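This report refers to the structure that appears directly beneath it.
Remember, it's a predicted structure, so these values are computed and weren't measured experimentally. Per chain, numbering begins at 1; letters A, B, ... match sequence-line order.
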There are 2 protein chains.
Amino acid sequence: MAIIQSSAYEPLTEQKATALAVRLGLFRDGTPLLCREIGDGNLNLVFHVVDQETKQGIIIKQALPYAKVVGESWPLTLKRAVIESNALRTFASYVPQYVPKVYYSDESLAITVMEDLSYLQIARKGLIEGKTYPLLSRHIGEFIAKTAFYTSDFGMNQQEKKKLAQSFVNPELCKITEDLVFTDPFFDHDSNNFEDELHLDVETLWNDDRLHLEAAKLKRKFLTEADVLLHGDLHTGSIFASDDETKVIDPEFAFYGPIGFDLGHFIANLLLNALSRPESERRPLFDHIDRTWAVFTSVFSELWRTESVETYAATPGLLDDVLRQTFIDAVGFAGCEVIRRTIGLAHVADLDGIEQKDERLAAKRHALRLGRRLIVERAELDGTEDFRRLFVETER
Amino acid sequence: MAIIQSSAYEPLTEQKATALAVRLGLFRDGTPLLCREIGDGNLNLVFHVVDQETKQGIIIKQALPYAKVVGESWPLTLKRAVIESNALRTFASYVPQYVPKVYYSDESLAITVMEDLSYLQIARKGLIEGKTYPLLSRHIGEFIAKTAFYTSDFGMNQQEKKKLAQSFVNPELCKITEDLVFTDPFFDHDSNNFEDELHLDVETLWNDDRLHLEAAKLKRKFLTEADVLLHGDLHTGSIFASDDETKVIDPEFAFYGPIGFDLGHFIANLLLNALSRPESERRPLFDHIDRTWAVFTSVFSELWRTESVETYAATPGLLDDVLRQTFIDAVGFAGCEVIRRTIGLAHVADLDGIEQKDERLAAKRHALRLGRRLIVERAELDGTEDFRRLFVETER
């Protein structure tokens, strides 16, 4: 299975990507094709191959054997391409409407050939432009509920689940999350990245024992709880959307982890967008948070009642306990994501794109206060309406 | 890796076992060897090969492709032999003094060749005879502390840990525990086995919603928490002992699970022995429980302070939180084991061996009451002294 720097691997060119598309029979014979590399070149090559007559296209995504972020470069397993294509296929078996179709994958070349979704927009970009995507939370709530339930010990044969979890062991990508989400932002670490003006605020976090203890507990959950197959990086930049459709992409961080993790990351990225907006325009984000949780619980509960394979599923109180723990975890994971997207290595355009420096710094300080309270007080939140309350209470 | 019914597999005979021992060079050339099959034939063949002159021996253990328990027979993966030999080797890298030496293993034959421990006695047998094994709890506390710490995210590189956990995915053996420990005894299931006189007591358990809810939470922990490499079946029948030595054998149920599981099973089996004794002779068992926990926490805490690889290990309160959660889990797991050994498929000789029927039934009723309270009240126990309190309170 080891494919790192395997001899068969070579980066594709536009010419070779086109030839592959032809060889796979994904286009009519002799039709004129146009191929462009449209990736940002940091982690993957992304080729967009389009039939010039029908304008129908496909995407050929190839993992690169290194990662470049903010000028740094480090080796990164090519196996993530297999994880990604396997995760897309697994998700497709439960929610085909919410993931791109996978046409082909090649482990030795670290390639996934998939549906062209360029008619949709990356949700983060649209949200920054002020779009609301009315169905986004309904779709993501259902996506998480179904993929979580069907890959859990409640929705899948428990022996098959262990084998599925085994096939998604993903040490290198998980390490990125363990470091960049759960650890580095909470300590004075080289990978952190923030404006000088935030130094005092950040130092306060670094010296906060209570925050450290609660972040540590959340990290331990991430390290040990093999509950369900997660996307692993479900921020709004991993989602294509329109007013009618939602598609989840890029599950290269997929692994078996705690149910609340994807929920928390999605909610955090809605909060990060809200943090970038004037008060009068925040409501759609909080409505999305409410609906994500409401749809998740409704779909998950219905599946639990009708399709559970676990004898104890009928035990009074168990579903409530699972949902309550999931909510608490999601709140805490959201807090970690809000903090790391503000002062850690990888930022979000929602906050960094605020042009007025004073406004930007104010929003980031707000983010740090909000993130901290989400982590520390996560067990005290009663429901998603408390996101509004904490958001307001941490405004200044 | 699939070796179930592989073409190379065949059950050894005494002759073939002797030939293997000679081929492996484990005895001097030409020395006279005596070989006897000493297993109970239910799960494994166990050959004892002895040099007739030096009286030095070895054990050749071979997994059988089926399990026979109480007359039933079902197929059972041969892969458990690989799990067993790998677990023994992994444990030996941390606590060589507490496991038999492994000389050789053969995956296709499902064979482990190991140190002969027949100069020791199975601890359950000795405890039933009234032995106390003064060092038993000190040794087991250290065994669990070291194997748990060094295979956890605190004592091992966290990426290597994920790969180690992957190599110990053990669906078939875990299913036995999921069914026989966590599920069947709590429901009216065919596999249960108890005296007719206990029917009312058992029905009370089957109709106990609160017990079901707490047992379900413990089962979910077992299913999802990939904390540390566990023995997986650490009862007193899996331990060879003398007044000076303790050796843990038979880790074919090894897998990555919650830290408190092995602790709970060991404590439960001390309780089961105490349940079989008159009041005046119980003290050594409770002293063992105290010392198991005391040694575990002391050794684990010292390793945490001196050898942890996790940044958060220095965070005030984290070790306390991990130890407290481990204790609560151990109490709950102990309760499940006490109940299932009383009314489930696989009993213990401690209780079944009580000759007077009234006494036996009284001890078993006591076991059911104790087990229930350990599960339901596990978060209310302050320390191991509370095992005494609950034991007395549930006596009648």
Counting only non-hydrogen atoms closer than 4.5 Å, does F255(A) touch chain B with its backbone (N, CA, C, O), its side chain (CB onward), both, or neither?
neither
V322(A) versus chain B, the contacting section by heavy-atom distance below 4.5 Å
both
So which donor and acceptor atoms of chain A and chain B come within less than 3.5 Å of each other?
from	atom 1	to	atom 2	distance (Å)
Q159(A)	NE2	P171(B)	O	3.0
Q159(A)	NE2	E178(B)	OE1	3.2
K162(A)	NZ	E178(B)	OE2	2.7
Q166(A)	O	Q166(B)	NE2	2.9
Q166(A)	NE2	Q166(B)	O	2.9
P171(A)	O	Q159(B)	NE2	3.1
E178(A)	OE1	Q159(B)	NE2	3.2
E178(A)	OE2	K162(B)	NZ	2.7
F182(A)	O	Y312(B)	OH	2.5
K219(A)	NZ	E310(B)	OE1	3.0
K219(A)	NZ	E310(B)	OE2	3.0
R220(A)	NH2	D227(B)	OD1	3.3
R220(A)	NH2	D227(B)	OD2	2.8
T224(A)	O	A226(B)	N	2.7
A226(A)	N	T224(B)	O	2.7
D227(A)	OD1	R220(B)	NH2	3.3
D227(A)	OD2	R220(B)	NH2	2.9
E310(A)	OE1	K219(B)	NZ	3.0
E310(A)	OE2	K219(B)	NZ	3.0
Y312(A)	OH	F182(B)	O	2.5

Provide the closest heavy-atom pair for L213(A) versus G317(B) in the form atom of the first, atom of the second, distance.
CD1-C, 3.6 Å
Could you tell me which portion of I259(A) (side chain, backbone, both or neither) has an atom closer than 4.5 angstrom to a non-hydrogen atom of chain B?
side chain
